[in-house]
Amino acid sequence: MSAPVSTVNDAVLAALATVNDPEIRRPITELGMVRSAEVGEDGVVRVELLLTVAGCPLKDKLRSDITAAVGAVSGVSGVEIEFGVMSTEQRQELQAKLRGGGATEEPVIPFAQPGSRTRVYAVASGKGGVGKSSVTVNLAAALAARGLSVGVVDADIYGHSVPRMLGADGRPTRVEDMIMPPQAHGVKVISIGMFTAGNAAVVWRGPMLHRALQQFLADVYWGDLDVLLLDLPPGTGDVAISLAQLLPNAEILVVTTPQAAAAEVAERAGAIALQTHQRVVGVIENMSWLELPDGSRMEIFGAGGGQTVADSLTQTIGASVPLLGQVPLDTRVREAGDEGNPIVLAEPDSPASKALGQVADRLALRRESLLGKPLGLKPTGR
Ligand SMILES: Nc1ncnc2c1ncn2[C@@H]1O[C@H](COP(=O)(O)OP(=O)(O)OP(=O)(O)O)[C@@H](O)[C@H]1O
Ligand SMILES: [Mg+2]
């Protein structure tokens, strides 16, 4: 024999540690999935692997990943894998591990913990139909394309259009009572629409909404996110209040159209932040203009709404609320949304995509740009 068995053993374990569970995206060794791994006299490695659920659809992927990783270890002549299924107890252990601690009574929202480095943006508007969901999915896709780890919560319990717009048609899977969110374009998505049959309308009252939102935040395994975006329902209702309680550190991103009436209600939605002590990160004006074939701009919904909201919120809140971008009207925004392929990916060079991309850049950078800098807080009443 060339290498001592113990050395081969160590190398095999190291190789197994490079294999991630395709769904949970953490090493199978860390997840307690490797029950045993033995190197035989003949150099054949026998791995006993515990799946989280029986009939796991990702079994084949695991098999090929493990075979490739272990097969590459020198001294190994073959790999045999035997699949088993975790016991209820083992699943509970895994779940506690995924939660990052022991089981607790009150669901723990990782993003609300003091040390959380996830930036949380809640996309809000006063009026419906101004493009919140379109903005949310495009920002999410743009941020993921920049290499960030991104999650989206469709908190519009009644509207739930996010999964379709992102093309996330997968169903969440369960490991005990943790929920694995489906992914599309590198974005993890969870929506109430994924838990209801077909297109059934959901009629839920405040406390149930609160519970649903809490579950989305606490029981979904998001992993280590850079950015979490929440698509809120229009207005200043139950969900906005729940959100302020569950995620006091969420920052509000206000979407409006250029129209004066829309701007007024958007201001109100933004001003709620004053009561909830949440920060308003900025305003996005959507449907700003339509570019005509001759290059001129037709201002279908008027002009100035976004700037008006930004100025007025700056006044009310007493902190700078910038206008982050103006997104023109473009039929491709809608088409891309209908196809589940956000315009920032489908038509990255379109003016709408560029505007959305610039907003994404600012949202991605903001935290770092504040690092080590004084916040420059001044007493109010300049
Ligand atoms: N810049 C744009 N250009 C063209 N169409 C757009 C643009 N932004 C949004 N739309 C379209 O306008 C409609 C409303 O947009 P969206 O659903 O994103 O708004 P919303 O604020 O989330 O609405 P709701 O209040 O119903 O949740 C959609 O059909 C969408 O495709
Ligand atoms: Mg919407």
Side-chain angles (χ1 to χ4, degrees), residues 121-142 152-168 187 189-194 199 201-202 209 213 216 229-240 243 252-259 261-266 268-270 283-292 297-303 305-306 309 323-360:
Y121 298 116
V123 184
S125 77
K127 255 166 64 86
V130 298
K132 269 184 316 304
S133 303
S134 306
V135 165
T136 307
V137 299
N138 276 289
L139 290 179
V152 176
V153 171
D154 185 358
D156 189 349
I157 309 281
Y158 305 106
H160 57 80
S161 45
V162 167
R164 183 178 44 77
M165 286 185 175
L166 264 177
V187 177
V189 199
I190 209 84
S191 163
I192 194 73
M194 294 169 177
N199 222 357
V202 183
L209 283 175
L213 198 55
F216 283 176
L229 288 154
L230 296 107
D231 182 20
L232 299 189
T236 51
D238 290 336
V239 169
L243 178 76
I252 314 292
L253 198 54
V254 178
V255 180
T256 184
T257 64
Q259 204 174 350
E264 249 168 60
V265 279
R268 254 177 274 145
V283 177
I284 299 175
E285 186 185 85
N286 187 31
M287 312 190 179
S288 295
W289 55 77
L290 182 70
E291 202 173 294
L292 298 177
R297 290 172 174 186
M298 185 174 172
E299 292 171 331
I300 300 201
F301 294 115
V309 176
L323 175 61
L324 294 171
Q326 291 177 291
V327 184
L329 274 163
D330 187 329
T331 49
R332 290 171 294 179
V333 171
R334 180 187 50 74
E335 285 161 6
D338 289 346
E339 281 158 22
N341 189 22
I343 188 169
V344 291
L345 305 177
E347 301 272 353
D349 293 328
S350 67
S353 295
K354 285 188 177 149
L356 287 159
Q358 277 163 17
V359 176

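Atoms within each ligand, like the ligands themselves, are counted from 1 in listed order.
- For the pair Pro234/Lys127, no side-chain contact is recorded, criterion being any heavy-atom separation below 4.5 Å from C-beta on.
- Between the side chains of Ser133 and Thr136, no donor-acceptor pair is found at a separation under 3.5 Å.
- Once rounded to the nearest 0.5 Å, the distance linking CD1 of Ile284 with CG of Leu323 reads 9.0 Å.
- Atom CH2 in Trp289 sits 12.5 Å away from atom CD1 in Ile300 (nearest 0.5 Å).
- Remark: Arg332 engages Asp330, Glu347 in a salt bridge (charged side-chain N to carboxylate O under 4.0 Å, His left out) (not counting sequence neighbours).
- The two residues Leu229 and Val123 make their nearest non-hydrogen contact at CD2-CG2, 4.3 Å.
- Protein atoms that are N, O or S and lie under 2.8 Å from the Mg ion (ligand 2) are these: Ser133 OG.
- Ion pairing between Lys132 and Asp156 fails under the 4.0 Å rule for side-chain N and carboxylate O.
- Ser288 and Gln326 make their closest contact through OG-CB, 3.4 Å (heavy atoms, listed as atom of the first residue, atom of the second, distance).
- Contact shell of ligand 1 (protein heavy atoms, cutoff 4.0 Å): Gly128, Gly129, Val130, Gly131, Lys132, Ser133, Ser134, Asp156, Met165, Pro234, Asn286, Met287, Pro328, Leu329, Asp330, Val333, Arg334.
- Contacts of Asp349 classified as salt bridge (charged side-chain N to carboxylate O under 4.0 Å, His left out), with partners at least two apart in sequence or in another chain: none.
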